[in-house]
Amino acid sequence: MDRLREKDEEFIWHPYTHINSKPAAIPIVKGKNAILYDENGNKYIDGISSWWVNIHGHGNKYIARKIYAQAKKLEQVIFTAFTHEPAVELAEKLLSVLPGNFSKIFYTDDGSTATEVAIKLSLQYWKNVGDKRKKVLAFHNSYHGDTFGAMSVSERGIYTAAFEDKLFDVIFIDTPDGKNIESLKAEVEKYKSEFACFIYEPLLQGAEGMKMYNADGLNSLLVYLKNERIICIADEVLTGFYRTGKFFAGDHLETKADIICLSKALTGGTMALGVTACTEQIFAEFVSDDKTKTLFHGHSFTANPLACVAAIASFELIQKKEFIKGVENVISHHQHFSKKLQRLEKKNYIKNVRQIGTIIAFEICTADKDDYLNNVSKSFSPFCLRKGVYLRSMGNTIYIMPPYCITSRELKKIYSVVVDFIEYHLKENAF
Ligand SMILES: *Cc1c(COP(=O)(O)O)cnc(C)c1O
């Protein structure tokens, strides 16, 4: 029974895991919709969509059949000289729905490589144009991935501390709060003709604590930056595919990005795939007889056919009525739950209750600093697991981000476990 756990301990290094305090990893043998089953038959409701990727639930047969059929035909082919139907069909479909005037799709492997390409595209664009713009602008509390370029444009903190001196310089500004727009513009103004690009997670900063910010403010900032010819890169790796209640977070904004990055829910949470889309204006600067203007970037599995068919299948499921009903169901239950949370907020047990679309978040009030190392994270996940729910806090930030197929009953179960945790631990004075 413990064979897998032991071998796992022996052979495997898990992501974002403090080795000395980690409980043994739980072997999961199958998943169905919002439920994960372990090898002993225990069930866990997947309250964070398996790290934010899974939107249709686990074990989706429709997507599985498409992947199987494609695997029998063509599992992979080098994407330089060759192309294939899944890559072309997916690109065309995406271009028809993306929020902006995008004309080309560049395929990558995941969210980090999607943002890497976006940054490389922007910097090389200005080089190809023959302009000296080199500076990069980003938001405080941003997260754009774990590779070096992606880390460079992310908040400097615990995730990046060990590599600090190897990261390139970026100018960070606050997110708009509805009042600070003039001071944000003033900060950009100083170097405005030196900025190559601005990268941002629209409306929701995920990995730095599910921070939500003002759409009107972002819109004014984008208008200003675009006017200064700064390339605006929307990192929608997390916010895409109805996380914020609309297809893309960019659909809440009037001003559209020049480059957009997608991954996570792109394949419905089944296969690793990333996308970087850009406008014709950007692409045009890479079209030249001069070979040095080429984008020298690619991955072995660029446009993997299995990942592309999975994304197409997910896309087809998104068009169905049940899909939108699922999204609306999560949103309305969250709204109801946030009222309950607000009562706990009044008692100062928790703070900053907030919701955007299918994500609800808040912080537990503790004597500790509000950061990733806060003690809440040690007890929260194990507490929930014992009660049949999988949630993972980021420090004392607790959030719920379920697959949209989750039932009302399952959602209520998650909420009750969260409330139990807040009440039980405050009574015990655990923090
Ligand atoms: C998760 C995430 C990434 C990185 O994606 P990976 O697939 O984990 O490399 C980049 N940007 C945002 C906004 C993310 O949430």
Side-chain angles (χ1 to χ4, degrees), residues 14-17 48-55 98-99 106-122 136-160 163 167 170 172 175 197-213 218 232-244 248-250 252-253 257 259-277 297 299-302 304 307 310-311 314 356-359 361 372 392-394 397 399-401:
H14 287 261
Y16 279 92
T17 300
I48 62 160
S49 303
S50 281
W51 238 349
W52 320 349
V53 300
N54 187 298
I55 51 173
L98 286 175
F106 191 94
Y107 286 109
T108 56
D109 291 353
D110 50 43
S112 301
T113 51
T115 56
E116 288 282 343
V117 167
I119 299 160
K120 286 176 75 171
L121 264 187
S122 306
V136 178
L137 183 69
F139 278 141
H140 282 301
N141 295 314
S142 56
Y143 175 80
H144 299 291
D146 284 350
T147 50
F148 271 88
M151 271 197 294
S152 293
V153 296
S154 299
E155 175 71 59
R156 305 304 161 83
I158 183 159
Y159 302 162
T160 58
F163 319 103
L167 304 180
V170 166
F172 291 99
T175 46
C197 61
F198 165 57
I199 183 165
Y200 59 103
E201 297 159 270
L203 306 184
L204 169 74
Q205 298 182 298
E208 281 288 336
M210 294 300 152
K211 294 182 163 62
M212 300 169 194
Y213 66 92
L218 176 58
C232 294
I233 305 169
D235 177 355
E236 292 231 27
V237 167
L238 165 60
T239 49
F241 306 97
Y242 287 91
R243 271 301 162 207
T244 66
F248 298 97
H252 297 275
L253 301 162
I259 296 180
I260 189 168
C261 306
L262 307 175
S263 186
K264 294 212 160 103
L266 172 59
T267 61
T270 59
M271 304 275 302
L273 182 67
V275 152
T276 307
H297 189 106
H299 299 282
S300 317
F301 285 98
T302 297
N304 174 255
S314 172
I356 185 166
T358 61
I359 302 168
Y372 195 77
R392 184 179 189 276
S393 70
M394 293 184 283
T397 301
Y399 66 94
I400 306 169
M401 188 191 303

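Both counts, for ligands and for their atoms, begin at 1 and track the order of listing. Here the structure is a predicted model, which means the values were calculated and not measured.
- Aromatic ring centroids of F301 and Y107 lie 6.0 Å or more apart.
- You'll find the ring centres of Y242 and F248 outside the 6.0 Å limit.
- For a heavy-atom separation below 4.0 Å, the residues in contact with ligand 1 are W52, D110, G111, S112, Y143, H144, G145, E201, D235, V237, L238, K264.
- Using a 4.5 Å heavy-atom threshold, the side chains of P202 and L218 count as touching.
- Put simply, the side chain of S263 gets close to the backbone of G111: a donor and an acceptor are under 3.5 Å apart.
- Between the side chains of E236 and T239, a donor-acceptor pair is found at a separation under 3.5 Å.
- The closest donor-acceptor contact from the side chain of S314 to the backbone of A310 lies at 3.5 Å or more, if one exists at all.
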